[in-house]
Protein chains: 2
Amino acid sequence: MSRPGRRGRATIEDVAKLAGVSRQTVSRAVNDMAEITPSTKQRVLEAVRTLGYRPSRFARGLVKQDTTTIGLIISDLVNPFFPEVAAGVLAAAEHRGWHVVVCDTQYSQERELAALEVLSHQADAIVGYLSYPDDELERHAGGVPLVLLERPGSSPRLGSVSIDIEGGVLAGMRHLVSSGHNRIGMLDGAPYPSANGRRQHYLSVSHELGLAVDDGWVFDCDHSVEGGASAMEALLGAHPDVTAVFAFNDLVAVGAVQAARGLGRQVPADCAVIGFDGLQLGELVDPPLTTLHIDKRRIGELAVEQVALILSEQTNAATHWPVVRPRLVIRRSA
Amino acid sequence: MSRPGRRGRATIEDVAKLAGVSRQTVSRAVNDMAEITPSTKQRVLEAVRTLGYRPSRFARGLVKQDTTTIGLIISDLVNPFFPEVAAGVLAAAEHRGWHVVVCDTQYSQERELAALEVLSHQADAIVGYLSYPDDELERHAGGVPLVLLERPGSSPRLGSVSIDIEGGVLAGMRHLVSSGHNRIGMLDGAPYPSANGRRQHYLSVSHELGLAVDDGWVFDCDHSVEGGASAMEALLGAHPDVTAVFAFNDLVAVGAVQAARGLGRQVPADCAVIGFDGLQLGELVDPPLTTLHIDKRRIGELAVEQVALILSEQTNAATHWPVVRPRLVIRRSA
DNA sequence: TTGTAAGCGTTATCAG
DNA sequence: CTGATAACGCTTACAA
């Protein structure tokens with residue numbers, strides 16, 4: 001005995017009963033297919049309305065296997081970097097008629113795990129900023145294709161979209177050196193997925209360019225304005241003679257500028273600052289931020305293309321790992 | 001005859017066959033339930049791995065009616081305002097174990113409709129910045145509960161979280177007037193959902209305060225820095241004697257500051273500017289932006305609470321429509 | 001511990 | 001044009 005509302009919502013069966021037709025006919029009316037008389041359609045639709053009937057997405061998805069959902073895991077929606085990547089993912093997904101479920105990890109590995117857990121059940125593929133080692137990721141993804149953002153994947157089972165960090169660092173450091181700097185410090189993002197590479201490349205490039213700096217010139221910080229500010233204070237404390245700073249990202253760079261000023265230094269006169277990602281914010285602060293601009297939307301779009309590739313192959317394997325190249329944008333801070 | 005991969009993915013049946021057990025046993029192994037011998041569990045799990053089996057979320061969702069998905073429709077992920085709202089939604093949803101599917105309309109009504117279309121089929125409730133009239137929305141939502149953001153809902157079927165625009169405008173205008181301004185212009189967001197109210201309240205408050213301004217002192221613009229800049233130029237062109245500007249939001253305000261300066265005016269000396277939403281950006285520009293700060297995360301959280309309420313009542317009706325109050329934050333621009 | 005049977009709510013197929 | 005009937009893939013009883 002199936003009362004409407006027995007388990008909450010009315011089913012197609014309930015509608016059929018009320019309208020005095022078969023489930024099939026209800027289906028035809030609801031999805032306005034052709035083979036149905038206007039009058040019956042009316043009657044059915046009325047029953048639908050009075051019962052507040054809505055088709056179950058699960059039942060529908062079960063029978064017509066066509067809806068694709070991709071899970072997006074990002075670190076922090078409030079960092080302007082990520083929404084741009086997300087916008088790229090959303091646009092590319094919408095273009096394909098896919099849905100996107102978004103999770104924000106707040107840089108927490110625990111949340112990252114939870115997100116993987118959820119999305120491995122709810123999505124057909126996962127794209128995101130992930131921090132666990134490849135093998136652990138594969139285990140927790142439970143067979144769902146994975147596309148890593150800003151990080152190369154070791155196995156062919158893992159797609160990836162990365163950034164040419166080395167090229168970016170090289171371009172940035174060269175710019176600073178050619179502007180006459182040789183005591184260049186670095187503010188690195190605290191170790192987290194997207195944090196990889198900058199520090200190492202900073203050190204090797206510094207070495208190549210003959211700069212007398214080492215690990216002691218690098219200070220870790222949160223990926224935020226506040227983080228950048230306090231790390232900058234630490235750097236200036238340890239190396240008061242620093243004349244330029246290579247920042248992990250634009251947020252950090254802005255914080256560095258503020259801290260430098262707070263300590264009485266002019267930017268760029270006393271200390272130059274260069275950012276790394278090219279947020280709009282950088283154009284609006286004073287002085288405008290010199291930065292290595294990254295096409296963030298493109299990262300998201302490329303990630304979805306990767307998913308499409310992987311999903312279309314029965315091998316479930318990626319064959320091509322795109323790399324996005326930063327572009328030096330010179331403004332006034334360096 | 002069901003070959004694994006007949007329709008793409010292996011099913012529980014395929015695994016059962018390969019492991020030589022029943023589907024039930026596979027289910028027990030996969031969801032690691034208690035009543036199963038370790039050895040068989042091993043065997044099953046191995047079959048799972050070789051077949052690359054993943055349970056269908058649709059089949060699972062069909063039988064255990066517990067997954068809740070909420071659809072979030074925002075106008076523009078790249079406007080820093082929206083990610084904060086979204087972050088609130090995500091946090092509150094995660095707290096409840098709900099999933100969030102995000103759509104970005106790019107301020108396009110066409111996309112808004114498409115998003116409604118999709119989400120009305122894929123979500124248990126929709127939260128978002130919507131521009132269509134209530135009745136149209138209800139029609140397109142096809143019975144899915146709706147929570148309107150920054151806009152009151154007329155029917156009890158519509159939840160909403162709004163902002164006390166009137167209070168905000170009043171506080172802002174009073175601040176400007178008490179600072180000695182009486183020729184105050186306005187840059188209003190181009191008519192779109194969240195755009196409602198500011199202009200009207202600006203006009204009535206101006207009238208109350210005895211200011212000699214009218215519609216001609218209001219210029220529409222995109223909700224962006226660029227939009228604010230060009231509208232500011234227009235305003236300064238039409239009313240060169242303007243001494244203060246009430247901006248639609250902080251992005252617009254920043255643009256206004258830039259334009260004012262570009263035309264040789266000091267801010268706030270020659271022309272004060274006040275924003276409306278309290279982005280972090282406002283603290284970082286020069287001069288720091290005076291603004292009416294809005295708790296954007298809270299908007300998202302309240303929206304999810306509304307959804308929970310609506311979903312829990314069988315009436316499907318909202319009974320309480322929260323209002324978020326702006327808070328005047330005085331910095332240097334006004 | 002394991003298997004069997006009965007749904008979950010839809011759509012597709014094929015008669016009528 | 002309409003209605004049985006059979007999937008769709010999984011879980012929850014209930015038997016064995």
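Order of the sequence lines fixes the chain letters, A, B, ..., with proteins taken first and strands second; residue numbering starts at 1 for each chain. If you're wondering where the values come from, they're calculated on a predicted model, not measured in any experiment.
Shown here are the side chain to side chain donor-acceptor pair (under 3.5 Å) partners of B/His140, two or more places apart in sequence or in another chain: there are none. Annotation: salt bridge (charged side-chain N to carboxylate O under 4.0 Å, His left out) contacts of B/Asp134 (sequence neighbours excluded): B/Arg151. Residues forming a side chain to side chain donor-acceptor pair (under 3.5 Å) with A/Ser27 (at least two apart in sequence, or on another chain): A/Asn31. Under the side chain to side chain donor-acceptor pair (under 3.5 Å) criterion, A/Thr37 pairs with no residue at all, not counting sequence neighbours. For A/Ala115, the side chain to side chain contact (heavy atoms under 4.5 Å, CB included) criterion is met by A/Ile73, A/Cys103, not counting sequence neighbours. B/Thr50 pairs by the side chain to side chain donor-acceptor pair (under 3.5 Å) definition with nothing, not counting sequence neighbours.
Between B/Leu62 and B/Ile36, the residue anchored nearer the 5' end of DNA chain C, judged by the nucleotide with its closest heavy atom, is B/Ile36.
Look at CZ on B/Phe58: it is 14 Å from C1' on C/dT11, rounded to the nearest Å. Whole-Å rounding puts the A/Arg54 CZ to C/dC8 P distance at 19 Å. Rounded to whole Å, atom C1' of C/dG9 lies 17 Å from atom CZ of B/Arg57. D/dA4 atom P lies 10 Å from atom CD of A/Glu13, rounded to whole Å.
Note on A/Ser22: a side-chain N or O is less than 4.0 Å away from OP1 or OP2 of D/dG3. Side-chain nitrogen and oxygen atoms of B/Thr25 include at least one within less than 4.0 Å of the OP1 or OP2 phosphate oxygen of C/dG3.
End-to-end axis angle of the helix from C/dT1-D/dA16 to C/dG16-D/dC1, from C1' rotation axes over five pairs per end: 40° (rounded to 10 degrees).
Listed by first and then second residue, the side-chain hydrogen bond (donor to acceptor under 3.5 Å, both in side chains) pairs that reach into residues 80-104 of chain B are B/Asp104-B/Gln106, sequence neighbours excluded. For residues 57-66 of chain B, every residue pair satisfying the salt bridge (Lys or Arg N to Asp or Glu O under 4.0 Å) rule, not counting sequence neighbours, is listed here: A/Asp124-B/Arg57. Judged as a salt bridge (Lys or Arg N to Asp or Glu O under 4.0 Å), not a single pair has a partner in residues 25-53 of chain A (not counting sequence neighbours).
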Task: Per-nucleotide protein contact string for nucleotides 11-16 of chain D, where B marks a base within reach and S marks sugar-phosphate only (heavy atoms under 4.0 Å, - for neither) - done: BBB---
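Aromatic ring centres of A/Phe81 and A/His223 lie farther apart than the 6.0 Å criterion allows.
Non-hydrogen atoms lying under 4.0 Å from DNA chain D are contributed by A/Thr37, A/Thr40, all within residues 37-50 of chain A.
At a threshold of 4.5 Å between non-hydrogen side-chain atoms, the residues A/Ile126 and A/Ile70 do not count as touching.
Side-chain proximity of B/Gln65 to D/dG9, D/dG3, C/dC8: nearest is C/dC8.
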